[in-house]
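In what follows, a single structure is set out as structure tokens and then discussed.
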Amino acid sequence: MTYWIAALLGLALAASPAAARTKAPPVVEGQTPQPPIASDNYPYQLFVPRGYLADRTKRYPLLIFLHGSGERGDDVAKVKVHGPPKIADRDADFPFLTVSPLLGAGQDWDIARLDRLVDHIAATYRVDPARIYLTGLSRGGHASWRWAIAEPLRFAAVAPVAGRGNPGEACRLMDLPVWAFHGDRDDVVTPEGSFAMARAIRACGGRKVRLTIYPDLGHNAWDPAYDDPALYAWLLEHALPSPTITNKDKE
């Protein structure tokens with residue numbers, strides 16, 4: 001495995017949308033902290049895989065990671081303590097453009113803000129619109145279920161970890177590849193949160209849902225889930241036949 005020490009951006013993204021359209025920020029390979037795209041949006045970590053600058057034609061899968069309650073606040077570096085940004089921080093060849101926003105203290109994830117952030121990334125970088133993936137842990141797992149239910153055609157695959165969704169709306173996910181993860185001893189978000197969603201999707205005729213339950217494990221299902229290369233291979237197996245986001249070639 002190769003390692004990358006993230007370089008700091010020399011220039012911050014201009015605050016106004018008009019300025020952002022006229023002058024894009026410099027692309028830096030590796031993982032870098034980014035300011036919010038607007039005053040009402042989230043700061044985030046952005047990972048750009050090695051080789052992005054060398055091949056100006058290749059489009060990349062985009063992975064969105066939503067952290068849990070413990071990382072909320074004003075320190076964007078805390079986003080990297082778990083999950084895909086942790087992996088990307090030590091592996092320059094992690095194959096996904098990865099966006100990991102930071103939730104403020106006491107806040108919950110807002111889908112409209114997340115939509116605007118993803119639209120911005122898709123318009124600014126060479127994103128493959130057929131391969132946009134979503135994952136999150138705990139509070140971010142709840143939001144992953146919620147966002148996927150709200151926009152089931154936006155993502156090629158979704159992987160909620162230690163989260164719970166609304167089984168009453170699960171039929172909206174019957175055609176979406178879903179892989180949920182949970183510890184069987186989780187007393188923070190009980191594993192029924194994942195079981196109920198998997199059962200409800202299957203009851204609607206969905207055949208693309210998977211569920212992994214880790215034995216003798218509490219709330220921290222994210223370490224084994226995100227450390228398993230099989231998750232990333234599974235994500236990359238899936239692509240949208242008719243993506244809802246379009247993206248022109250970017251430099």
Side-chain angles (χ1 to χ4, degrees), residues 2 4 6 13 20-21 24-32 34 37 41-42 44-66 79 83-89 91-101 111 113-136 140 143-144 147-161 172-173 175-179 208-210 225-226 228-251:
T2 56
W4 178 270
L13 178 63
R21 286 194 298 269
V27 176
V28 177
E29 292 182 2
Q31 188 155 242
T32 54
Q34 302 287 329
I37 62 169
N41 213 283
Y42 304 113
Y44 59 100
Q45 295 285 345
L46 174 67
F47 174 75
V48 177
R50 178 158 53 192
Y52 183 93
L53 295 174
D55 185 346
R56 302 279 179 168
T57 62
K58 181 179 178 180
R59 294 189 182 194
Y60 286 79
L62 174 64
L63 179 59
I64 303 140
F65 169 69
L66 305 179
V79 171
K86 177 182 177 182
I87 303 295
D89 215 35
D91 183 5
D93 294 314
F94 190 61
F96 303 85
L97 274 165
T98 307
V99 175
S100 307
I111 291 174
R113 292 182 185 181
L114 292 168
D115 274 332
R116 293 196 297 272
L117 175 57
V118 173
D119 288 343
H120 168 79
I121 296 298
T124 306
Y125 297 89
R126 295 195 312 273
V127 171
D128 181 347
R131 295 189 296 161
I132 297 179
Y133 308 106
L134 173 63
T135 188
S144 295
W147 195 1
I149 286 170
E151 300 179 73
L153 300 180
R154 181 160 196 143
F155 305 106
V158 177
V161 179
R172 291 178 57 81
L173 304 179
D175 296 319
L176 177 65
V178 175
W179 191 353
K208 298 180 180 179
V209 59
R210 302 175 62 173
Y226 290 126
D228 188 349
L231 170 59
Y232 307 106
W234 175 83
L235 290 171
L236 291 171
E237 290 174 359
H238 301 288
L240 290 173
S242 300
T244 57
I245 297 176
T246 59
N247 184 34
K248 297 180 180 179
D249 288 334
K250 301 292 177 181
E251 294 218 338

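Along the sequence shown, residues are numbered consecutively beginning with 1.
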Which residues satisfy the side-chain contact (heavy atoms from CB on, under 4.5 Å) test with [X], sequence neighbours excluded?
X      : value
Lys58  : Asp55, Tyr60
Ala157 : Tyr133, Pro177, Trp234, Leu235, His238
Ala239 : Ala130, Arg131

Among [options], which one satisfies side chain to side chain contact (heavy atoms under 4.5 Å, CB included) with [X]?
X      : options                       : result
Tyr44  : Val79, Leu117, Thr98          : Leu117
Pro101 : Leu66, Val118, Leu46, Asn41   : Leu66
Val158 : Leu173, Ile64, Val209, Leu134 : Leu134

Would a 4.5 Å heavy-atom cut-off, applied to side chains only, mark [X] and [Y] as touching?
X      : Y      : answer
Leu97  : Leu63  : no
Leu153 : Leu240 : no
Phe96  : Leu236 : yes
Phe47  : Asp89  : no

**Request:** Apply salt bridge (charged side-chain N to carboxylate O under 4.0 Å, His left out) to Arg116 and list each qualifying residue two or more places apart in sequence or on a separate chain.
**Result:** Asp40
**Request:** Check salt bridge (charged side-chain N to carboxylate O under 4.0 Å, His left out) between Asp115 and all other residues, then give those that pass, not counting sequence neighbours.
**Result:**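 In terms of salt bridge (charged side-chain N to carboxylate O under 4.0 Å, His left out), with neighbours along the sequence ignored, Asp115 is linked to Arg154.
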State, to 0.1 Å, how close [X] and [Y] come at their nearest heavy-atom pair, and which atoms those are.
X      : Y      : answer
Glu151 : Ile111 : OE2-CG2, 3.7 Å
Val28  : Thr32  : CG1-CG2, 4.0 Å
Pro95  : Pro61  : O-CG, 3.5 Å
Ala88  : Gln31  : CB-OE1, 4.3 Å
Pro129 : Arg59  : CD-NH1, 3.5 Å
Arg56  : Arg126 : O-CD, 3.4 Å

**Request:** Could you pull out all residues at least two apart from Arg172 that satisfy side chain to side chain donor-acceptor pair (under 3.5 Å)?
**Result:** none
**Tyr226: partners by side chain to side chain donor-acceptor pair (under 3.5 Å), with sequence neighbours left out** =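 Per chain and number, Tyr226 pairs via side chain to side chain donor-acceptor pair (under 3.5 Å) with Thr135.
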Could you state the interatomic distance from [atom1] ([X]) to [atom2] ([Y]), rounded to the nearest 0.5 Å?
X      : Y      : atom1 : atom2 : result
Asp91  : Arg50  : CG    : CZ    : 8.0 Å
Lys208 : Leu176 : NZ    : CG    : 8.0 Å
Trp179 : Leu231 : CH2   : CG    : 6.0 Å
Tyr42  : Ser100 : OH    : OG    : 14.0 Å

